[in-house]
Q: 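Starting off with a structure, shown below.
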Amino acid sequence: MADHDSTTRPLNFIEQIVEADNASGKWGGRVHTRFPPEPNGYLHIGHAKSICLNYGLAKNYGGKFNLRFDDTNPAKEEQEYVDAIKEDVLWLGADFRPNSPHGGGLFLASDYFEQMYSFALELIRKGKAYVCDLSAEEVAARRGKPGIPATSPFRDRPTEESLRLIAEMKDGRHPNGSKSVRARIDLASPNFNLRDPVMYRILHESHHNTGTKWCIYPMYDWAHGFEDSLEGITHSICTLEFEDHRPLYDWFINAVNEGRTPDGSGPYGKIIHHAQQIEFAKFRPTYTVLSKRNLLKMVTDGVVKGWDDPRMPTIRGMRRRGYTPESIRTLMEEVGVTKVESFIDIGRLENAIRNDLNKKAPRRMAVLRPLKVVIENYPDNQVEHFDAQNNPEDPAAGTRKVPFSKVLYIERDDFMENPPKKFFRLAPGTEVRFRWAYFLKCTGVVKNDAGEVVEVRCTYDPATKGGDAPDGRKVKGTIHWVSAAHAIDAEVRLFDRLFTAEEPGKRTGNYMDDLNPNSLEVVHAKLEPSLAGSPGGASYQFERMGYFHVDQDSTPAHLVFNRTVTLKDTWAKVASQG
RNA sequence: UGGCCGAUGGUGUAACGGUAGCACAGCAGAUUUUGGUUCUGUUUGUCCAGGUUCGAAUCCUGGUCGGCCAGCCA
């Protein structure tokens with residue numbers, strides 16, 4: 001039976017359908033889902049919901065999950081995307097490979113072209129499809145309106161003639177757009193999808209899988225139901241905008257099945273499988289865009305540096321930024337599955353990765369915007385090594401040594417010459433704890449000609465070694481630091497939201513108008529020496545600053561970190577409220 | 001304008017004719033060598049109008065608002 005990750009969560013409406021089907025024996029207890037992307041772009045966080053949903057169903061109900069490329073339009077599709085999508089789906093943990101527990105396999109819609117073509121011939125013979133000579137423009141012009149039927153002068157073309165013409169189309173004897181194959185359904189249907197939809201268009205175009213074999217290519221609506229049918233998909237899950245298409249898929253399958261029998265006797269053979277389509281609402285985060293067209297434009301316009309720019313909502317972008325598959329899966333579990341179109345606060349994504357990394361990421365000290373501190377009463381050439389906990393959430397993570405000396409760097413924001421009330425950090429006359437080291441008291445500052453503080457002077461209390469005062473006195477603040485002589489340099493990329501509006505483009509109609517000009521800030525940070533040689537892909541918490549991920553650009557000689565997300569910052573909130 | 005779909009706190013989501021619950025965010029407090037984490041408490045909700053019923057978020061009717069559809073895209 002069901003084996004849910006979170007046993008307490010109530011069933012979503014699709015799980016309820018699956019359980020009802022299992023109870024009624026509709027599919028013999030079988031659950032077989034699929035993720036059917038078109039290989040014409042990179043996957044984004046919206047796709048992740050579909051992947052998690054489909055794979056999760058297969059996993060929780062002991063079923064199978066297929067990855068299937070819906071590659072019916074060679075004009076838009078490329079092998080590069082096929083490879084990238086496979087990688088991203090696997091990274092998310094949805095293992096479609098046949099040797100994995102829930103892997104149903106990898107499929108290409110284009111491998112079914114021959115079978116689909118024979119279904120098309122069957123429909124023509126049954127009088128349910130015909131070849132139409134109208135151009136795309138003419139079809140559009142004759143589409144009709146609500147209440148006004150569409151028209152086609154070729155609707156009653158004799159079967160034999162349609163059969164001959166579709167063969168000619170297939171053989172490449174007709175130019176692009178000169179003819180199409182249409183289903184004979186209902187030119188007056190209030191559902192425009194049923195007004196004799198096009199099944200095949202002529203496209204003299206090379207296909208990433210079938211090469212130049214075909215000159216006609218099936219339309220999505222014609223193809224999709226058969227893809228599910230041929231793979232034995234039980235629950236064909238898609239997004240809301242395809243609800244209007246469901247009657248069409250059903251019509252196609254039923255049309256093929258007309259005259260077919262369960263045992264295959266009769267002129268047409270065996271009944272083919274008819275999957276149940278279920279529609280759910282997309283995942284739409286605030287403060288970003290998701291459509292391939294819009295994402296592509298940001299890449300080509302150079303607004304971002306590529307599909308894998310850490311600011312992009314693509315799987316690759318999020319991965320590079322430091323998001324984990326677990327955090328994305330948990331998020332999808334939390335937001336649920338419904339038919340209600342809604343926005344997901346982007347804060348939920350940030351929260352999801354914080355929660356995950358809080359448990360896993362080793363703590364380190366790194367100063368993003370350095371300010372020099374000199375300890376007046378600390379011996380000039382002395383160096384001490386303090387034990388620092390790697391992760392307070394996980395004592396088993398152990399400790400490391402951090403060097404301490406007379407000259408340190410602290411965060412610029414951790415010092416204020418004229419601090420407001422409730423500022424618990426360093427200021428003239430105040431005492432704070434330098435994490436894992438000593439209590440330090442600020443005795444003065446050094447300024448440059450412009451009047452800016454360039455150095456903070458302090459004294460330390462040797463009795464507070466390790467960070468505790470034997471006399472029991474308390475300090476309000478604890479700040480991070482690095483020893484100037486031991487610090488290593490790193491480039492740190494601080495990312496912010498790509499857009500400043502919840503719904504980019506809502507205001508002016510152009511989403512580019514809402515771009516956040518400050519979505520990337522690069523700083524040159526000082527890190528504690530244990531971070532030297534950090535391996536690519538590692539994630540750390542820089543204490544008090546956030547979670548940081550070693551970028552693919554990073555080398556031992558030039559470390560590069562991406563800020564995945566900041567820590568929650570109560571002080572920032574207080575400070576901004578004045 | 002025709003068809004399809006939807007509407008529950010700020011956000012997301014439960015309830016399947018019988019006490020409107022959970023999560024996130026917010027707020028308040030406790031703990032804390034990260035203004036992090038954790039813990040406790042807490043503010044806030046059934047689109048509207050009728051009807052059925054002992055009883056309606058749930059069923060019915062009408063309306064309002066929102067989304068989708070009129071590609072030889074998927």
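All chains are named by letter (A, B, ...) in the order of the sequence lines, taking the proteins before the strands, and each is independently numbered beginning at 1. The figures here come from the full heavy-atom set of this structure, side chains too, leaving out hydrogens, waters and symmetry mates.
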Q: Would A/Glu503 and A/Arg284 pass as an ion pair if we require N to O under 4.0 Å?
A: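 So A/Glu503 does not pair with A/Arg284 through a salt bridge.
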Q: Need the pair for B/rA28. Rule: Watson-Crick or G-U wobble, both distances under 3.5 Å, any strand; none if unpaired.
A: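 B/rA28 is paired, partner B/rU40.
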Q: B/rG35 P sits how many Å from A/Leu426 CG, rounded?
A: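 In whole Å, B/rG35 P and A/Leu426 CG are 14 Å from each other.
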Q: For a quick check of understanding: with a heavy-atom distance under 4.0 Å over all strands, which category does A/Gly147 fall into, base, sugar-phosphate or nothing?
A: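 Since no nucleic acid heavy atom lies under 4.0 Å of A/Gly147, the category is nothing.
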Q: Which part of the nucleic acid, if any, lies within contact of A/Glu279, taking any heavy atom under 4.0 Å across all strands shown: a base, the sugar-phosphate backbone alone, or nothing?
A: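 Here A/Glu279 touches no strand at all.
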Q: Determine the contact category for A/Arg195: base if any of its heavy atoms lies under 4.0 Å from a base atom, sugar-phosphate if only primed atoms, P, OP1 or OP2 are that close, otherwise nothing.
A: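 The residue A/Arg195 makes no contact with any strand.
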Q: Could you tell me whether the side-chain ring of A/Phe192 sits stacked on the base of B/rA70, using a centroid cut-off under 5.5 Å and a plane angle under 30°?
A: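 No.
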Q: Just the rounded figure in Å: distance from C1' of B/rC72 to OH of A/Tyr200.
A: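 One finds 14 Å between C1' of B/rC72 and OH of A/Tyr200, rounded.
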Q: If I compare all heavy atoms of A/Arg68 with all of A/Pro37, which pair ends up nearest, and what's the gap?
A: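 In terms of heavy atoms, the two residues are closest at O-CD, 3.2 Å.
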Q: According to the salt bridge (Lys or Arg N to Asp or Glu O under 4.0 Å) rule, which pairs have a member within residues 387-402 of chain A, sequence neighbours left out?
A: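 Of all non-adjacent pairs touching residues 387-402 of chain A, those that pass salt bridge (Lys or Arg N to Asp or Glu O under 4.0 Å) are A/Asp387-A/Lys401, A/Arg400-A/Glu528.
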Q: Please work out if A/Pro247 contacts a base, only the sugar-phosphate, or nothing of the nucleic acid, heavy-atom cut-off 4.0 Å.
A: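 Since no nucleic acid heavy atom lies under 4.0 Å of A/Pro247, the category is nothing.
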Q: Has A/Thr286 got a side-chain N or O lying under 4.0 Å from the OP1 or OP2 atom of B/rU11?
A: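 No, because none of the side-chain N or O atoms of A/Thr286 sits under 4.0 Å from OP1 or OP2 of B/rU11.
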Q: Scan A/His224 against the nucleic acid and name what it touches under 4.0 Å (heavy atoms): base, sugar-phosphate only, or nothing.
A: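 The answer is nothing, as A/His224 stays clear of every strand by at least 4.0 Å.
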Q: Please report the distance, rounded to the nearest Å, between CZ in A/Phe13 and P in B/rG12.
A: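 So the CZ-P distance, A/Phe13 to B/rG12, works out to 16 Å.
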Q: Describe the nucleic acid contact of A/Ser135 in one word from base, sugar-phosphate, nothing, applying a heavy-atom distance below 4.0 Å.
A: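 Base, at least one base atom sits under 4.0 Å.
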Q: Scan A/Lys422 against the nucleic acid and name what it touches under 4.0 Å (heavy atoms): base, sugar-phosphate only, or nothing.
A: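 Here A/Lys422 touches the bases of the nucleic acid.
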Q: Under 4.0 Å between a side-chain N/O of A/Arg354 and OP1 or OP2 of B/rU34, yes or no?
A: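 Checking B/rU34 against A/Arg354, no side-chain N or O comes under 4.0 Å of OP1 or OP2.
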Q: Determine the contact category for A/Phe423: base if any of its heavy atoms lies under 4.0 Å from a base atom, sugar-phosphate if only primed atoms, P, OP1 or OP2 are that close, otherwise nothing.
A: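 A/Phe423: base contact, heavy atoms under 4.0 Å.
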Q: Does the separation of the ring centres of A/Tyr438 and A/Tyr460 fall below 6.0 angstrom?
A: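 That pair passes the under 6.0 Å test.
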Q: Does B/rG71 sit syn or anti, given that only angles within 90° of 0 count as syn?
A: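 What B/rG71 shows is a syn base, its glycosidic angle lying within 90° of 0.
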Q: With A/His245, which residues qualify under ring pair (Phe, Tyr, Trp, His ring centres under 6.0 Å), at least two apart?
A: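 With neighbours one apart ignored, the set is A/Phe242.
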Q: NA contact type, A/Arg435, heavy-atom cut-off 4.0 Å: base, sugar-phosphate, or nothing?
A: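 Base contact.
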Q: Rounded to the nearest angstrom, tell me the gap between atom CG in A/Leu567 and atom C1' in B/rG35.
A: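 The answer, rounded to whole Å, is 10 Å.
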Q: May I ask you to say what A/Asp221 touches in the nucleic acid, namely base, sugar-phosphate or nothing, with a heavy-atom cut-off under 4.0 Å?
A: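 A/Asp221: no heavy atom of the nucleic acid under 4.0 Å.
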Q: Using Watson-Crick or G-U wobble geometry with both distances below 3.5 Å, tell me the partner of B/rG2, or none.
A: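 Here B/rG2 is engaged in a pair, and the nucleotide opposite it is B/rC69.
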Q: With a non-hydrogen cut-off below 4.0 angstrom, is A/Ile479 in contact with a base, only sugar-phosphate, or nothing?
A: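 Counting heavy atoms under 4.0 Å across all strands, no contact is made by A/Ile479.
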Q: How close or far is atom P of B/rG35 from atom CZ of A/Phe424, stated in whole angstroms?
A: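 Going from A/Phe424 (CZ) to B/rG35 (P), I get 10 Å.
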Q: State the pairing partner of B/rC59; accept Watson-Crick or G-U wobble contacts with both distances under 3.5 Å, and report none otherwise.
A: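 Base partner found: B/rG51.
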Q: Among all residues two or more places apart in sequence or in another chain, which pass the ring pair (Phe, Tyr, Trp, His ring centres under 6.0 Å) test with A/Tyr249?
A: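 A/Tyr249 satisfies ring pair (Phe, Tyr, Trp, His ring centres under 6.0 Å) with no other residue.
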Q: Which is true for A/Ser189 with a 4.0 Å heavy-atom rule: it touches a base, it touches only sugar-phosphate, or it touches nothing?
A: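 Result for A/Ser189 = nothing.
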Q: Rounded to whole angstroms, how far apart are CG on A/Asn193 and P on B/rG3?
A: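 These atoms are roughly 15 Å apart.
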Q: When we call it a touch if two heavy atoms are under 4.0 Å apart, what does A/Phe343 touch: a base, just sugar-phosphate, or nothing?
A: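 Sugar-phosphate, backbone atoms only, no base.
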Q: Does B/rG36 have OP1 or OP2 sitting under 4.0 Å from an N or O in the side chain of A/Gln389?
A: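 Result: no.
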Q: Please check the phosphate of B/rA74 (OP1 and OP2 only) for any side-chain N or O of A/Thr72 closer than 4.0 Å.
A: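 Yes, A/Thr72 has a side-chain N/O under 4.0 Å of OP1/OP2 on B/rA74.
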Q: For nucleotides 22-27 of chain B, which of its nitrogen or oxygen atoms have a protein nitrogen or oxygen under 3.5 Å away, and what is each distance?
A:
from   : atom 1 : to       : atom 2 : distance (Å)
B/rC24 : O3'    : A/Asn351 : ND2    : 3.2
B/rA25 : OP1    : A/Lys568 : NZ     : 2.9
B/rG26 : OP1    : A/Lys573 : NZ     : 2.8

Q: What's A/Arg182 touching, base or sugar-phosphate or nothing? Going by heavy atoms closer than 4.0 Å.
A: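 Counting heavy atoms under 4.0 Å across all strands, no contact is made by A/Arg182.
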Q: Can you pull every protein N or O that's under 3.5 Å from an N or O on nucleotides 4-10 of chain B?
A:
from  : atom 1 : to       : atom 2 : distance (Å)
B/rC5 : O4'    : A/Glu243 : OE1    : 3.4

Q: Please list all pairs passing the salt bridge (Lys or Arg N to Asp or Glu O under 4.0 Å) test where one or both residues lie in residues 174-195 of chain A, with sequence neighbours left out.
A: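 Checked against salt bridge (Lys or Arg N to Asp or Glu O under 4.0 Å) - neighbours excluded - the pairs reaching residues 174-195 of chain A are A/Asp133-A/Lys179.
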